[in-house]
Engineer: 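Below is a structure I'd like to ask you about.
Counting begins at 1 with the first residue of the sequence. Computed from a predicted model, the values in this text were never measured in an experiment.
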Amino acid sequence: MTNAQRLARLRELVEQTEFLSVRQIMNEFGVSRSSAMRDLDELERQGVVLRQRGGAVLKDRAHHLTKTFEPATVEKADMHVSEKADAARKAAAQVQDGDCLFLDSGTTTAAMMKYLGQRDVTIVTPNVYLLAQVPDGFPGRVCLLGGDFDKSYLVSTGPLARKILESFWFDKAFVSANGIADGKAWANDLSVAEIKQDAMKRADRTILVTDSSKEDRKGMYAFADTEAFDELITEQNDEEREGTEE
């Protein structure tokens with residue numbers, strides 16, 4: 001297959017899926033990582049895609065992703081790695097020993113575990129992906145919500161997860177989002193959004209944690225106004241809301 005043929009096929013694929021990862025291209029065409037990245041750079045030059053860390057999104061969908069076209073959690077783990085780490089570090093700095101925490105689904109909240117490794121805290125989470133990030137010797141406790149398992153998001157959802165969540169009250173809830181736009185936090189799945197909303201109702205302090213690539217991007221469901229959060233944290237800034245402290 002020539003380079004031109006491969007680019008034509010990649011264009012077809014990204015129009016079908018609206019997201020292509022470097023890993024997908026390597027597996028599909030048996031090319032090196034550098035070749036896959038050059039292909040995406042060329043598609044971006046042609047105005048077909050917008051490059052993101054780890055892949056590229058169809059340009060027409062760059063600001064409105066749905067669950068159908070969103071990359072899976074394992075693929076998102078390779079995107080915006082340094083930005084997520086910076087946001088996670090800032091968020092973890094808010095935590096004190098003895099806290100009961102809600103850590104939401106997603107790779108940014110999971111990245112917080114690296115910075116919570118010495119904290120004696122209780123973590124309640126629907127985030128199955130987070131379990132692999134728990135460091136050896138972690139002195140705290142991790143409670144995984146049961147329920148319906150979403151293989152793409154690597155998260156527990158549904159009535160059982162929501163019922164278990166009712167038993168907890170959190171000092172802090174660290175909530176993720178697929179997008180932040182029009183003064184709202186967005187999710188791409190209703191069942192995932194419901195868990196976020198339930199956790200926010202059961203916390204003394206709610207903190208939205210995300211990387212800046214989510215800004216100006218909508219999803220399928222607006223699960224909260226950004227004003228409902230006590231603080232917004234990205235790698236670029238942390239913005240505490242006025243009047244949220246008692």
Engineer: Determine whether S156 and V128 make a side-chain contact, defined as any pair of heavy atoms from C-beta on separated by less than 4.5 Å.
Structural biologist: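 Answer yes - side chains close enough.
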Engineer: In chain order, what residues pass the side-chain contact (heavy atoms from CB on, under 4.5 Å) check against Q133, with sequence neighbours excluded?
Structural biologist: A110, M113, Y129
Engineer: If Ile, Leu, Val, Met, Phe, Trp and Tyr residues are connected whenever their side-chain heavy atoms lie under 4.5 Å apart, and connections chain through other members, are L165 and L130 in the same group?
Structural biologist: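 No.
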Engineer: Can you name the salt bridge (Lys or Arg N to Asp or Glu O under 4.0 Å) partners of R38, sequence neighbours left out?
Structural biologist: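 Partners of R38 under the salt bridge (Lys or Arg N to Asp or Glu O under 4.0 Å) test: none.
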Engineer: I need the K84 NZ to T109 OG1 distance, nearest 0.5 Å.
Structural biologist: 9.5 Å
Engineer: In the hydrophobic clustering that connects Ile, Leu, Val, Met, Phe, Trp and Tyr at side-chain heavy-atom distances below 4.5 Å, which members other than W169 occupy its cluster, ordered by chain and number?
Structural biologist: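 Grouped by the 4.5 Å side-chain rule, W169 forms a cluster of one, so the answer is none.
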Engineer: Side-chain contact, heavy-atom cut-off 4.5 Å: D86 with K90?
Structural biologist: no
Engineer: Using modelled atom types and a 3.5 Å cut-off, is there a donor and acceptor pairing between side-chain atoms of E235 and backbone atoms of S212?
Structural biologist: yes
Engineer: Could you note down all residue pairs passing salt bridge (charged side-chain N to carboxylate O under 4.0 Å, His left out) where residues 157-179 supplies at least one of them, sequence neighbours left out?
Structural biologist: D99-K172, R162-E194, R162-D198, K163-E166
Engineer: Would you say that S176 contacts K196 through its side chain, given a criterion of any heavy-atom pair below 4.5 Å between the two side chains?
Structural biologist: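 Side-chain contact under 4.5 Å: yes.
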Engineer: Say whether I164 and L103 are linked into one hydrophobic cluster, either directly or through other cluster members, by side-chain heavy-atom distances under 4.5 angstrom.
Structural biologist: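 Per the 4.5 Å side-chain linkage, I164 and L103 are not co-clustered.
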Engineer: Starting at CD of E28, measure out to CZ of R9 and round the result to the nearest 0.5 Å.
Structural biologist: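 Nearest 0.5 Å value for the CD-CZ distance: 6.0 Å.
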Engineer: Might you point out which heavy atoms bring G106 and N127 nearest each other, and give the distance in Å?
Structural biologist: O-ND2, 2.8 Å
Engineer: Nearest 0.5 Å, what's the CG-CG distance between D39 and N3?
Structural biologist: 6.5 Å
Engineer: Atom CD of E227 and atom CG of D225: how far apart are they, to the nearest 0.5 Å?
Structural biologist: 7.5 Å
Engineer: Between V95 and F168, is there a shared hydrophobic cluster once you connect ILVMFWY residues whose side-chain heavy atoms come closer than 4.5 Å?
Structural biologist: no
Engineer: Does L13 reach the side chain of Q24, with side-chain heavy atoms less than 4.5 Å apart?
Structural biologist: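 Not touching, per the 4.5 Å side-chain cut-off.
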Engineer: With no hydrogens and no angle check, is any side-chain donor or acceptor of D189 less than 3.5 Å from a backbone partner on S191?
Structural biologist: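 Such a contact is found between D189 side chain and S191 backbone.
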Engineer: Quick one: which residue pairs count as a salt bridge (charged side-chain N to carboxylate O under 4.0 Å, His left out) with a foot in residues 113-126, not counting sequence neighbours?
Structural biologist: D97-R119
Engineer: Write down the atom of V121, the atom of G98, and the distance for their closest heavy-atom approach.
Structural biologist: CG1-N, 4.1 Å
Engineer: Output the rest of the hydrophobic cluster of Y115: all Ile, Leu, Val, Met, Phe, Trp and Tyr residues reachable through side-chain heavy-atom contacts under 4.5 Å, sorted by chain and number.
Structural biologist: none
Engineer: So which heavy atom on A185 is nearest to which on A177, and how close?
Structural biologist: CB-CB, 4.2 Å
Engineer: Going by side-chain contact (heavy atoms from CB on, under 4.5 Å), name the residues that satisfy it together with Y221, two or more places apart in sequence or in a different chain.
Structural biologist: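 Partners of Y221 by the side-chain contact (heavy atoms from CB on, under 4.5 Å) criterion, ordered by chain and then number, come out as L190.
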Engineer: Tell me, please, which residues at least two apart from M200 pass side-chain contact (heavy atoms from CB on, under 4.5 Å).
Structural biologist: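 V175, T206, F223, A224, A228, F229.
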Engineer: Any chance you could measure M37, atom CE, to I25, atom CD1, to the nearest 0.5 Å?
Structural biologist: 10.0 Å
Engineer: Could you give all pairs that pass the ring-ring contact (aromatic ring centres under 6.0 Å, His included) test and reach residues 90-114, with sequence neighbours left out?
Structural biologist: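 For residues 90-114: F102-F170.
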Engineer: With heavy-atom distances below 4.5 Å as the criterion, would you say the side chains of L116 and I123 are in contact?
Structural biologist: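 Result yes, sub-4.5 Å side-chain heavy-atom pair found.
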Engineer: Establish whether L154 and I195 are linked, either directly or via other cluster members, by ILVMFWY side-chain heavy-atom contacts under 4.5 Å.
Structural biologist: no
Engineer: If you define the side chain from C-beta out and look only at heavy atoms, does anything of L10 sit under 4.5 Å from F29?
Structural biologist: yes
Engineer: Do you know which two heavy atoms are closest between P135 and G117, and how far apart they sit?
Structural biologist: CG-CA, 3.6 Å
Engineer: Between V209 and A91, what is the shortest heavy-atom contact and its length?
Structural biologist: CG2-CB, 3.9 Å
Engineer: Would you say S105 and V192 make side-chain contact, with heavy atoms under 4.5 Å?
Structural biologist: yes
Engineer: Linking Ile, Leu, Val, Met, Phe, Trp and Tyr by side-chain heavy atoms under 4.5 Å, what else ends up with W186?
Structural biologist: none
Engineer: Go through the structure and list residues passing salt bridge (Lys or Arg N to Asp or Glu O under 4.0 Å) with D148, not counting sequence neighbours.
Structural biologist: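 Result, salt bridge (Lys or Arg N to Asp or Glu O under 4.0 Å) vs D148: none returned.
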Engineer: First locate atom CE of M112, then atom CZ of R89, and finally report the distance between them rounded to the nearest 0.5 Å.
Structural biologist: 12.0 Å
Engineer: Any side-chain to backbone donor/acceptor pair from N178 onto G219? Under 3.5 Å, distance only.
Structural biologist: no
Engineer: Going by the rule side-chain contact (heavy atoms from CB on, under 4.5 Å), which residues pair with Q46 if we only count those two or more places apart in sequence or in a different chain?
Structural biologist: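 For Q46, the residues satisfying side-chain contact (heavy atoms from CB on, under 4.5 Å) (neighbours in sequence not counted) are L7, R11, E42, L43, V48.
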Engineer: Please say yes or no: joined through hydrophobic side-chain contacts below 4.5 Å, possibly via intermediate residues, are F149 and L160 part of one cluster?
Structural biologist: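 Looking at the clustering, L160 is in a separate group from F149.
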